[in-house]
Each structure stands twice: as C-alpha cells, then as structure tokens.
There are 2 protein chains.
Amino acid sequence: MTEKQEKIIWSALELFAEFGFDATSTSKVAKKAGVSEGLIFRHFENKEGLLMAIMNQGIERATGYFNEIIKINDPAERIKQALSLPFLIDESENRFWKLIYALKWQRGSYDDSMADELKKSLAEAFNALGYDHPYAEAELVQVFIDGVATEALLKGKASEQLLEIILNKYRLT
Amino acid sequence: MTEKQEKIIWSALELFAEFGFDATSTSKVAKKAGVSEGLIFRHFENKEGLLMAIMNQGIERATGYFNEIIKINDPAERIKQALSLPFLIDESENRFWKLIYALKWQRGSYDDSMADELKKSLAEAFNALGYDHPYAEAELVQVFIDGVATEALLKGKASEQLLEIILNKYRLT
DNA sequence: CATAAAAGTGAGTAATCACTTACAAATGTA
DNA sequence: TACATTTGTAAGTGATTACTCACTTTTATG
C-alpha cells in the first residue's frame, strides 16, 4: 500500500461519509488527496473498487470488535458488552460507520452478514439464560445497537443514560 | 396540483427511494413520469425543490399519525401505540419513509423535529407512570421505533415477536 | 369569442461525470 | 550499469448532469 494509495482511501472515506458516495466525484477525491485523478483508477480500477477497498479495511477492524464479544463465555456479560458497543466506537472510526449506515439505504447494497455471527452468539446467550424467544431477543439487541449508533453518529452524542436504562430492563446492571 | 405534477412527484419518490437522491437524474424522473424534463423545473424550480415538495407531502401525513398517538390520554396506551408504529406503516408509504431514513445520512438534511412532539408526549407519559428517567425512556422508545422501522424497510417485514418482547419489557402486554 | 395566464414541450446550454490514454518518473532487480 | 515493472501525471474522451429558453398548447375568465 503506497502512501498515495492510503491518502486516496482516507480522502475518499472522508468525502463519502460526509456527502455520500454518489454525490462525491472522483475528481474531488483526487483533489483532496493531492493526487492526479488517473491514479485512483490505476490503483482501484473504478469508483466502485475504491469503495470496496474502503469497506474491506473497515470491515476487518469491525469484525475484530465483534469477535471479542463473541469470545466472552458468560452469557450475561456477552449481552452487556454487545449493548455497550455503540458507546465504545472509537471516534476515528466514525466516518467508516457513517458510510456503512448510509450505504444501507442505497444501491441495494444492504448486507447484514457482518453482524450475523454476533447475532447468533447473542441468541445462544439468551438461550443459556432461559429466555423464551432467544433469537428475537438477539434481534432486539441489534435493533438497539443500530438505533443508538445512529443517534450517536448523527447527533454526535449517545447518552449513557440510554445504556443504563436498557441494561436495567435486562437486569444486567 | 396538476395530474402531471402528481406524476412527477410520484415518479421522483419511487426513484429517490430506490436509488437515492443524488443517483437519480431529473431526466430519469421525467422519463418515468412521461413528461418533458423542462416541466419539472417549471413546477418545482430545481431538483431540490422537487425533493422538498415530496417531503412536505409525506411529512403532512406522518404528523397526522403522530398526532393521533399524542392525543391518547392513557399514558400506557400512548406508549404502546407508539411502539406499535413501525408495524402499522401502510405499505404505500414505504417509499416515503425509505427516503426519509436515507436522507438522514446526507449532509445538512438531518431534521428530527418531525418526531419531537411525539417524543415530548412520550416523556410525559413515562413521567405519569412514575419512571425515573422519563426523557431517556422516551428516547429509548424512539430508538426502538427507528430500529424496527429500519429493519422493516430494508428487509421487508418486521417480526411481530419483536413488538411482543419489547411490550413485555414495559409490562404493557 | 377574445385574450391572458398557466401548462407543457423539445432542443438547446456549459459544466461535470467516470474513465482512458500516452507518456514520464521512480523503483526494483540483475 | 541496464532494463523491466510499478507508480504517477496531464490532457484528453464521450456521456450525462441540472437547468434554460423559445416556443406551442391548454385552460381560465370577462
């Protein structure tokens, strides 16, 4: 990975996250990266390839977080850590998540597989705790995570009180 | 509102919701509406104006739903109906909500005011029920609504089990 | 009917789009 | 050193973009 290649990816992520993929031209990416426009196509073939390169990089780090939660053996603690996820997002990764959430709504590119393993392991945890509908419970946790992450990414803050309240409802405090 | 004007709005909503605002050209809207491209600009001034016309129409109907919930006097019933909202969305309004949720992630266009009154009335309901943190509880309901609506809009349908479970957590079943 | 306003068209516009190409500079390897 | 490969650039390409304009058709009103 060349220095300029990294610069292109970083600039593209910035712009895609702020203005959207379709509203960001390759010429703007090149300008921001301080690079000729042609270089983008040399390294990434086309605009879509540039997006894929960004996504692959981000997904790698994200699955890292997910796997650490899946690894937790105590079911209650696993659920608690999953619910805490949106509060633990590093600020440096905000741009990536903003892009992920924005892309969900476009181009039929909706792909949930990244969080599937986590959901499965949450269902197992709820099952171990004797819940009646472990899979639906896992889905609810995911809904909460997505909802809080959305609020945090859009409004800049996520109130810790929300986490407290939801943990209370699961009696995990 | 002319017949062709309505046709333009309907076609634009279809395309904006499916492909995104930025990825949809005015020429495609005109073609889908069976209308000359110039007519779009005659009626709506520019592409942004077309979007605003769509939004105003949708927001009007949405606030109608919200106000019916706000009207409910019994606090428990009000909360229950609010939580049920994403399951009551008429299929004909899917496109509008898809557009709303997609636009949230576009720069500058994020506007939460539409649901603000509902949130306030939910906080009052939680307060009447003696909850410790009524405003945060209302926020959690909103997170749930947004999360379930997102799932329903993207994956097709939201499982009724989710509603059951969450109602159970509030002891509203 | 007369005539003005509104609705609608089709052929433009300059700017920008994603992408290509021909070629130069830097780098790796012998 | 020699030379092939990779990295990089500048100036293009045709297609498409949002939008305009000169014009015709339809509708409303006295």
Side-chain angles (χ1 to χ4, degrees), chain A residues 1-58 95-96 98-100 102-103 105-109, chain B residues 1-58 95-96 98-100 102-103 105-109:
Chain A
M1 187 77 81
T2 323
E3 189 191 331
K4 299 209 170 184
Q5 226 166 329
E6 278 171 9
K7 256 250 145 179
I8 290 170
I9 285 188
W10 181 87
S11 306
L13 176 54
E14 277 298 287
L15 294 171
F16 289 171
E18 185 168 4
F19 303 106
F21 177 76
D22 292 307
T24 303
S25 65
T26 50
S27 80
K28 276 177 193 150
V29 172
K31 203 170 178 181
K32 177 148 194 161
V35 136
S36 73
E37 197 178 352
L39 193 58
I40 292 175
F41 296 92
R42 160 124 297 150
H43 284 311
F44 304 102
E45 197 180 341
N46 51 34
K47 197 185 171 187
E48 193 77 24
L50 173 56
L51 178 62
M52 304 259 279
I54 293 172
M55 298 291 275
N56 287 338
Q57 243 188 31
R95 249 83 30 142
F96 168 70
K98 241 179 135 170
L99 181 56
I100 288 271
L103 285 176
W105 297 96
Q106 279 153 26
R107 345 165 39 71
S109 71
Chain B
M1 186 80 78
T2 323
E3 190 191 330
K4 299 211 172 184
Q5 225 166 331
E6 278 170 11
K7 257 270 168 150
I8 291 170
I9 286 188
W10 181 86
S11 305
L13 175 54
E14 267 315 274
L15 294 171
F16 289 171
E18 183 168 3
F19 303 106
F21 176 76
D22 292 305
T24 302
S25 64
T26 50
S27 80
K28 276 176 194 150
V29 172
K31 202 170 178 180
K32 177 149 194 160
V35 136
S36 72
E37 197 178 351
L39 193 58
I40 293 174
F41 296 92
R42 159 124 298 151
H43 283 312
F44 305 102
E45 196 179 342
N46 52 34
K47 196 184 169 187
E48 194 77 23
L50 173 55
L51 177 62
M52 304 259 279
I54 293 172
M55 298 290 276
N56 288 339
Q57 244 190 30
R95 250 81 30 140
F96 168 69
K98 243 181 135 170
L99 180 57
I100 287 272
L103 285 175
W105 298 96
Q106 237 108 327
R107 173 78 167 178
S109 65

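On a predicted model such as this, the values are computed, not experimentally measured, just so you know.
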### Message
Whether B:Ser27 contacts D:dT16 is assessed here as follows: a side-chain N or O lying under 4.0 Å from the phosphate OP1 or OP2. Is that the case?
### Response
no

### Task
Figure out the NZ/P separation between A:Lys47 and C:dC17, and round it to whole Å.
9 Å

### Query
Taking only N and O in the side chain of A:Ser25, is any of them less than 4.0 Å away from OP1 or OP2 of C:dT16?
no

### Query
More than 12 non-hydrogen atoms from neighbouring residues, nucleotides or ligands closer than 6.0 Å to CD on B:Glu6, yes or no?
yes

### Query
How is A:Gln5 classified with respect to the nucleic acid when contacts are heavy atoms under 4.0 Å: base, sugar-phosphate, or nothing?
nothing

### Query
Rounded to the Å, how far apart are A:Met1 CE and D:dT6 P?
17 Å

### Query
Is the distance from OP1 or OP2 of C:dG8 to the nearest side-chain N or O of B:Ser36 less than 4.0 Å?
no

### Task
Could you check how far CZ of B:Phe41 sits from P of C:dT9, rounded to whole Å?
14 Å

### Heavy-atom closest contact (B:Trp105 atom, A:Ala102 atom, distance)
CB-CB, 3.6 Å

### Task
Measure the OG1-CG distance between A:Thr24 and A:Leu50 for me, rounded to the nearest 0.5 Å.
10.0 Å

### Query
Are OP1 or OP2 of D:dT6 and a side-chain N or O of A:His43 less than 4.0 angstrom apart?
no

### Task
Can you pull out how bent the helix from C:dC1-D:dG30 to C:dT29-D:dA2 is, comparing the axes over its first five and last five pairs, to 10°?
20°

### Query
Taking side chain as C-beta onward, heavy atoms only, is B:Phe21 less than 4.5 Å from B:Lys47?
yes

### Query
Do B:Gln5 and B:Ile8 come close enough that some side-chain heavy atom pair is under 4.5 Å?
no

### Task
Verify whether one side chain among B:Thr26 and B:Glu37 offers a donor that lies under 3.5 Å from an acceptor in the other.
yes

### Spacing of A:Asn46 atom CG relative to C:dC17 atom P, expressed in whole Å
17 Å

### Message
Expressed as a whole number of angstroms, how long is the span from A:Ile40:CD1 to D:dA11:C1'?
### Response
16 Å

### Message
Contact between B:Glu48 and B:Leu51 at the side-chain level, heavy atoms closer than 4.5 Å - yes or no?
### Response
yes

### Message
Between P on C:dA7 and CD1 on B:Ile8, what's the gap in Å once rounded to a whole number?
### Response
11 Å

### Query
What's the NZ-C1' distance between B:Lys28 and D:dA18, to the nearest Å?
13 Å

### Summary
When rounded to whole Å, the CG to C1' distance for the pair A:Leu39 and C:dA24 reads 14 Å

### Toward the 5' end of DNA chain C, by each residue's nearest nucleotide, A:Ala23 or B:Val35
B:Val35

